[in-house]
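Quick one: structure below, then a few questions.
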Amino acid sequence: MSSTESFAKQLLQAEKDRVGTAALTDQSASFTTEDAYAVQLEVIKQKLAQGQTIVGKKIGLTSLAMQKLLGVDEPDYGHLLDGMVVENGSELSYQRVMQPKVEAEVAFVLKKNLKGPHVTPLDVIQATDYVLPSLEIVDSRVKDWKIKLPDTIADNASSSHYVLGGKPVAIDQVDLALAGMVLIKNGEIINTGVGAAALGNPINCVAWLANKLSEFDITLKAGEVILSGALSAAVEAKPGDVFTAKIAHLGEVSVRFSS
């Protein structure tokens, strides 16, 4: 078994058992971001073999604060699978997560394929069917979130579940850079943010993703959902917590964690 297959197996087992594994960077001092993307693709390959389907992508580390925290100068990405979808306003069982946190983001739904390496923000606008408010539930299969960049990349960019809300809004009907966001936990405002927090504009994040994926010969496809990156810091979730995000001109989205 190769190291890629071994690490993928560890992450899949950690998710199944709901017991965090040791950071991969602690297990291999030479573990690079390139190695990490290979592990991520192997994990996704295994999940596809189990019958899941890719429905989109997520972008992580879009804020300068998070990039500085992990000592990197660009975002990362992960895959969205059909098993990650949670209906707006519904419950997510805490038995399906390990150490979850919640982020508010702008979601893009594409109507045309996007293939790098020369995708521009205008290309993204022309390829977008509509945008929505979303909640991403991030999680880590690494014990206590003790991660470095390659750890989160290998772990499918620390993705877990996501919720889409609001009503579809045409992308030319809203200035996403100026769109304000409020994240509410159990009835209290806990975070605020603005679209510009994500690489200056969530549109820029999608352009980055399309160009990054060209390195792996991957195309963003019509119909896919793209989570463009958190507009504020992730907030820890416990059983019973209710989260609602409101994004100006896009509406709101909510989820409750049951025990």
Side-chain angles (χ1 to χ4, degrees), residues 33 36-37 40-41 43-44 54-81 84-85 101-110 113-117 119-121 123-125 127-140 147 149-164 171 176-177 179 181 183 193-216 218-234 245 247 250 253:
T33 56
Y37 276 119
Q40 180 188 134
L41 290 172
V43 168
I44 297 302
I54 294 172
V55 294
K57 307 289 187 298
K58 63 148 288 183
I59 308 167
L61 305 179
T62 51
S63 72
L64 288 175
M66 284 303 297
Q67 290 180 16
K68 287 179 179 178
L69 185 66
L70 290 181
V72 298
D73 59 2
E74 70 171 22
D76 67 353
Y77 82 91
H79 293 73
L80 300 179
L81 301 170
M84 298 178 176
V85 178
K101 300 181 181 184
V102 177
E103 300 173 342
E105 312 187 12
V106 176
F108 291 66
V109 178
L110 302 181
N113 290 0
L114 277 174
K115 179 72 180 286
V119 170
T120 66
D123 293 330
V124 173
I125 291 169
T128 299
D129 194 7
Y130 54 86
V131 289
L132 296 165
S134 67
L135 291 172
E136 184 185 1
I137 295 97
V138 293
D139 205 348
S140 182
I147 57 172
L149 179 63
D151 297 301
T152 185
I153 289 174
D155 192 22
N156 198 26
S158 301
S159 61
S160 176
H161 295 81
Y162 71 95
V163 192
L164 300 179
I171 195 167
L176 291 177
M181 181 279 299
L183 182 62
V194 66
L199 296 186
N201 190 314
I203 294 169
N204 297 335
C205 300
V206 180
W208 173 87
L209 177 63
N211 293 324
K212 180 68 176 179
L213 288 175
S214 70
E215 298 175 16
F216 304 93
I218 296 174
T219 300
L220 295 178
K221 297 178 180 177
E224 286 195 333
V225 175
I226 312 299
L227 301 185
S228 60
L231 302 184
S232 65
I247 300 180
L250 299 186
V253 55

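We count residues from 1, following the sequence as given.
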**Prompt:** Where is the tightest heavy-atom contact between A36 and P150, given as atom of each residue plus distance?
**Reply:** CB-O, 3.2 Å

**Backbone N/O of V106 and side chain of S228: donor-acceptor pair under 3.5 Å** = yes

**Asked** Taking atom CG of L209 and atom CG of N204, what is their separation to the nearest 0.5 Å?
**Response** 12.5 Å

**Prompt:** Is there a side-chain contact (heavy atoms from CB on, under 4.5 Å) between K115 and I218 once you walk through the steps?
**Reply:** CA-CA 7 Å; K115 179 72 180 286; I218 296 174; over 6 Å; no

**Shortest non-hydrogen contact between G60 and P75, atoms and distance** = O-CB, 3.0 Å

**Item:** No-hydrogen, no-angle side-chain donor-acceptor test under 3.5 Å, S140 and S158
**Value:** no

**Asked** Can you tell me how far the CD atom of E136 sits from the CG atom of L80, to the nearest 0.5 Å?
**Response** 7.0 Å

**Message:** What I'd like to find out is whether the side chain of I171 reaches to under 4.5 Å of the side chain of D129, using heavy atoms alone.
**Reply:** no

**Item:** Over all atoms of both residues, closest heavy-atom pair of V131 and T128
**Value:** CG1-CG2, 4.2 Å

**Prompt:** Considering all heavy atoms of both residues, which atom of Y162 and which atom of L227 are nearest to each other, and what is their separation?
**Reply:** CB-CD1, 3.7 Å

**Message:** Please find the pair of heavy atoms, one from G195 and one from L231, that lie closest to each other, and give the distance.
**Reply:** CA-CD2, 3.9 Å

**Fill in**
The reported gap from OG in S160 to CE in M84 (rounded to nearest 0.5 angstrom) is 7.0 Å

**4.5 Å side-chain heavy-atom contact, V253 and L164** = no

**Prompt:** Quick one: are the ring centres of Y37 and Y77 less than 6.0 Å apart?
**Reply:** yes

**Prompt:** Does atom NZ of K221 have more than 12 heavy-atom neighbours from other groups under 6.0 Å away?
**Reply:** no

**Prompt:** Between the main-chain N or O of P202 and the side-chain N or O of E105, is there a donor-acceptor pair closer than 3.5 Å?
**Reply:** no

**Prompt:** Roughly how far apart are L61 CG and L149 CG, rounded to 0.5 Å?
**Reply:** 6.5 Å

**Asked** Checking Q40 side chain against D155 main chain: does a donor-acceptor pair fall under 3.5 Å?
**Response** no

**Prompt:** With distance as the sole test, does N211 use its side chain to make a donor-acceptor pair with the main-chain N or O of A207 at under 3.5 Å?
**Reply:** yes

**Request:** Show your working on side-chain contact (heavy atoms from CB on, under 4.5 Å) between L220 and N113 and close with a plain yes or no.
**Result:** CA-CA 5 Å; L220 295 178; N113 290 0; over 6 Å; no

**Item:** Heavy-atom closest contact (G116 atom, S214 atom, distance)
**Value:** C-CB, 3.5 Å

**Asked** Just wondering, do K212 and D76 contact through their side chains at under 4.5 Å, heavy atoms?
**Response** no

**Message:** Apply side-chain contact (heavy atoms from CB on, under 4.5 Å) to residues M181 and L250 and explain how you reach the verdict.
**Reply:** CA-CA 10 Å; M181 181 279 299; L250 299 186; over 6 Å; no

**Item:** 4.5 Å side-chain heavy-atom contact, F108 and L132
**Value:** no

**Request:** Enter the distance from T33:OG1 to E74:CD here, rounded to the nearest 0.5 Å.
**Result:** 7.5 Å

**Message:** Is any side-chain heavy atom of V119 closer than 4.5 Å to one of V124?
**Reply:** yes

**Request:** Take V85 and H161 through the test side-chain contact (heavy atoms from CB on, under 4.5 Å) and record every step on the way to the result.
**Result:** CA-CA 6 Å; V85 178; H161 295 81; over 6 Å; no

**Message:** Is the shortest side-chain heavy-atom distance between I59 and T62 below 4.5 Å?
**Reply:** yes

**Message:** Could you measure the distance from the OG1 atom of T219 to the CG atom of L110? Nearest 0.5 Å is fine.
**Reply:** 11.5 Å

**Message:** With a 3.5 Å distance limit and no angle check, can you tell me whether N156 reaches the backbone of H79 through a side-chain donor-acceptor pair?
**Reply:** yes

